[in-house]
**Student:** 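For reference, the structure I am asking about is given below.
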Amino acid sequence: MTRIQLNVNETIHDVEVEPRHSLVDTLREGCGLTGSHIGCEHGVCGACTVLVDDQPVRGCLMFAVQADGKDIRTVEGLDDDGAFNALQQAFHEHHALQCGFCTPGMLMLATWIVERGLPVDDNELREIMASNLCRCTGYRNILRAVRAVLDASGQDGAGA
Amino acid sequence: MTLIGKSVPRLEDRELLTGTGRFAGDQNFEGQLHMRVVRASLAHGRILSVDTAAAAASPGVFAVWTGVDVADVSPINLRPGSALQDLEKCRQHILAQDIVRYVGEPVAVVFADDPYRAEDAAELIWADIEELPPVVGLMDMPGEFAPGVSTEPAVLVKGYGDVDAAFASAAHIVDCELSVGRHAGVPLETRGALAIWNDDENRLEFHAAAKIPHTNRIALAELLGLELDQLHLFEGHVGGGFGVRGEIYPDEVLVNLAALRFRRPVKWIEDRMEHLVAANHSREQTHRIRAAINADGLILAIDDEFWFNQGAYARTHGATVPVVSATMLPGPYKVPAYRATGRIRLTNVTPAGTYRGPGRYETTFVREQLMDTIAAELDLDPLAVRRTNLIAADEMPYERPFEIGGKPIIYDSGDYPESLARFLDHVDYDAVQAEMAERRASGEMAGAAIICFVELGGDGPFDDVRVEMDTDGRVEVITGVASVGQGVETVIAQICADTLGIDYAGITVTHGQTDRIARGQGARASRVTVMTGNATHKAASGVRGMLLEKAAELLQSPVETLEISDGVIGIVEGLGEGPSVTVAAAAAEILRGQNAPRIAVEESFENDRATYSFGAQLAVVVVDPLTAGVTVERFAVVYDIGRAVNPMLVEGQLVGGAVQGIGGALFEEFLYDETGQPLSVSFADYLMPTAAEVPDVECLVLEDSPSTTNPLTLKSGGDPGITGAGAAIAAAIGDAIGRPGAIKRLPVTPLRLRAILRGDADRKQEKNNAENGVST
Amino acid sequence: MKPASFEYVTAESWDAAAASLAEHGDDALILAGGQSLVPVMNFRLAQPAVLVDVNVIPDSAYLQIDGDSLRIGALTRHVRFEAPGIDGPLGRLLPRIAHHIAHLPIRMRGTFGGSLAHADPASEWCTLARTLDAVMIAQSVTGERRIAAADFFHSALATDLADDEVLREVELPALGPDWRCGFAEFNRRAGDFAIVQSVAVIELHEGQIVSARIGVGGATETPQRSGAAEKALLGGAPTSELFAEAAGAAADAIEDFLTDQQANADLRRDLVRVMVLRALEDAVSAG
């Protein structure tokens, strides 16, 4: 076992891990942050997507020891003391979730897209969101929700 | 303000959007053991021995069980009413006893202090299995499940009318062989369960239960040898069900049994590879279907023989899927004479159960391809053939002269031709067809098609709901339903709020907790909105009556003059101006008199009539003739839901279902090699649609034909998105390649489509050769 | 699907990585992006006793033109190739290939060197490396070894790298302005492993093809150059007819097709024909 420090949503967590403990398992068990979910453990479904140093990473394919000292953001860090952020509000208004299992991963991936600050047209948005699987919504409303947030911040694909 | 019909945002969303949900994996109990199942790696064999010594000595291991340790537990029973002929002799033990019958069958189980170590120990277990020849093909000659029990344990026959006479005098006979590939719901959350013995309450508590908690409670208590009040089930958040989750599997029984025997909490979360070989499969059917038709394409009779691949064992659904298949195959068409012979076959692959739209996805594909084949053989327009056969509005309610589960099949309401016409208009089908013609003329293999179906739902026989209100006017609706993520809480809250005249936002809807209400039917077969909705309305009406009575007293005005709106009870004539009393105040007054903390009204809604609704789907596809790849360019669904409580949620169900259905039409299949080894064991093999494979699904939700079977006139909406998708994609591909009816098998993979295209090319070449006098 | 236990070691340099490999032999594996290795470990198909994490090695990710070579640091992430900052036809080809690799989050972690060392038959970079006759530079405690692409790929998931060698850098020829490069691949869904892919690189001089490298991946255990296709193209004009002929030659020359539940030999043969053709067309239209 090794002691590591995970900086998650600007809070330091001291955890003891074996090298083989995945980042997502450690976030869920060691840090008690069960918002990030495990859907496949082979890097395909994206339910475990978190941001590591502002980049979307599949938490099932990174070992916790690799994340020691890195800046990690999960779904639990999105809301402002209970108030939805723009993406959460858009998902809520557009009915972009049903069972909610894929939702944290979708939100973190979408967070990266929005924070990038670049224009994103519909094709590119669809392509990026195709990184994550959803079994309930059929994707339409998820794309609408993210598109709404992008448009509100001037990142539609129309301009350059 | 009426809340029924409003697309209000969901009450469920908050926890799910903030990552504070309680899915099975999120729950933990102090001192819990982690369970890991060891599964057979051969498809068929006799267990000679299971060596557990190394596993038992492995770090962190508390116990290891094999079949011997659970031999006293009965095999898992079929749900009441689902048995047929010898199916009950084909049930599965929770751990294999002497024989293993599919790769993935539980043969041993490890309990350890952590899931990593449980898996380490499981790897050390060696099962010595003497191989037996497997039966892998659905159409293979039946073998023996056990001495005296055939692997064709049941054959069902359903029908009506004089089929043979119709065939004898028919102008034409059309016949096809059509198959749907093995696939299933595959929710994003794998299965899981936790069980804990509660010493204070002297009961076992099964957490992270799903789908049909009350029904499962009865069955589990029996299996575990417990009195009913010694077992309670509790549902948390559920990551999708689709029919697959929430049935009684060996795994859940083992979790509960272990908690009972060890008197320690036990937690089990399956991994994805396990899910793909252990959770119910579905859909695999082959039909040999014949239709007797007249010169206009009117069907005079259908005679269908089909084979259903149940897999290695009968599961809790018993004969449900083949029975529903046989019953629903005629769909929205008259079909005056009909015979279906369904052969249930056991093979050495993962056992099967229901999957969204069970029996209807498959038979809609079969029936609609039959329609296209009729059109092709008689040189008629495919839509015209459908119109010719559609049940007319003046024939409603339309009764098919047979029954399902003892209940008659009565299509309660609908104007099918009108709904179809509105859909054609909505999607501008004329323009679509013109565009396809143009594109084909310029060499593209583009095609479009519309198919029709009927969906059913609202299965009874009853639902109980208790509506409680406290002194602050806050409401809790206690139901016996379950949530798989579909928005149950919101819909029920809307109905309750609408009945009571209050806001829906403060209403708590409780579900999946067997200790809060005595009976429940859970969430299955698209029943919740209809059954629970009506029961809620009934119970809430009771509370409303009490509030109005008290208000009449307080306002000195007869009940008939009062109305409730936005939480305020006032006199209708001057509502908002005259004397009024808040709902909360009225409730407080009632409760002061009773010295009770809450008003409570419990009602039961009984219904033995299902609801039936018309739907149609449009698919536009383009085929790459060189690679045999298929792109879905456009997909649309129309569904007459009678009355939508929350149109936004209905659309969500339609879109989600359609995408799953497209998955089954083009991508998803559980494949096996000739020895019964599963080939689809990860998400790299079992392919589900991403956002890039599907267009935005368009929805037209009609509310033209309210149901006549229940006071709220509701119909169901959970399944219709998926029901027609296989048929729609197949028909559109047929149109694209110039041969309606050509697609005989789902999923349409490049491998299969290539063979069809080659066959077409060869036939075309032969024809050219013949015309040009070239000998081959 | 949790992996078996392993000891975790961080290498601060390529020398340190090589030393760890020398110490542990075939019990140790290199952890780079992990996007291919970790799934394999989670399925317990690989159970290394030691994982050597090379992610912190400085100056290990770069795209550098050095004379007539493009030197690629093994730890260069796939996403970097989407904007490689390299002039010329290779600089235009790399983003078009990178775009096809899995999905964005995987491209952010997965590495060029990792893909080559993993040697999946459907790996885009492996096909590129074979087509352009890349040179792999492997390091061990005994020094450096240059391995030609033709010798590098042994079979599916097996390379010429010895147990004590780590892939440090790859050299690709920096193609001059007369070259046209194209790529095409077929898969079931966007981002899936390719069933068949092709890299087609031709040099034009006065309207004639004077050199050609045609690579096919996903069709056989290892990526291969198609001598038959290259021969068909030499001296000819870049027309659709000639491309179709070359593509046909490529398809007909392959004998040991992979077969799996996605595609049998017949389908793969057809796909080779189509992908080589489309890669050539891509070369002249976008390349």
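Each chain gets a letter, A, B and so on, in the order its sequence line appears, and its residues count up from 1.
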**Student:** Please classify the contact of Asp25(A) with chain C as side chain, backbone, both or neither, using a heavy-atom distance under 4.5 Å.
**Tutor:** side chain
**Student:** Would you mind checking which part of Glu41(A) comes under 4.5 Å of any heavy atom in chain C, side chain (CB onward), backbone (N, CA, C, O), both or neither?
**Tutor:** both
**Student:** For Glu185(C), is there an ion pair with Arg278(C) - N to carboxylate O distance below 4.0 angstrom?
**Tutor:** no
**Student:** Which region of Leu61(A), side chain (C-beta onward) or backbone (N, CA, C, O), has a non-hydrogen atom less than 4.5 Å from a non-hydrogen atom of chain C, or is it both or neither?
**Tutor:** both
**Student:** Could you tell me if the side chain of Leu31(C) sits less than 4.5 Å from the side chain of Val52(C), heavy atoms only?
**Tutor:** no
**Student:** What residue in His103(C), Met41(C), Gln35(C), Glu7(C) has the most heavy-atom pairs under 4.5 Å with chain A?
**Tutor:** His103(C)
**Student:** Do the charged groups of Asp260(C) and Arg268(C) touch, with an N to O distance under 4.0 Å?
**Tutor:** yes
**Student:** Any side-chain heavy atom of Val57(A) within less than 4.5 Å of one from Leu51(A)?
**Tutor:** no
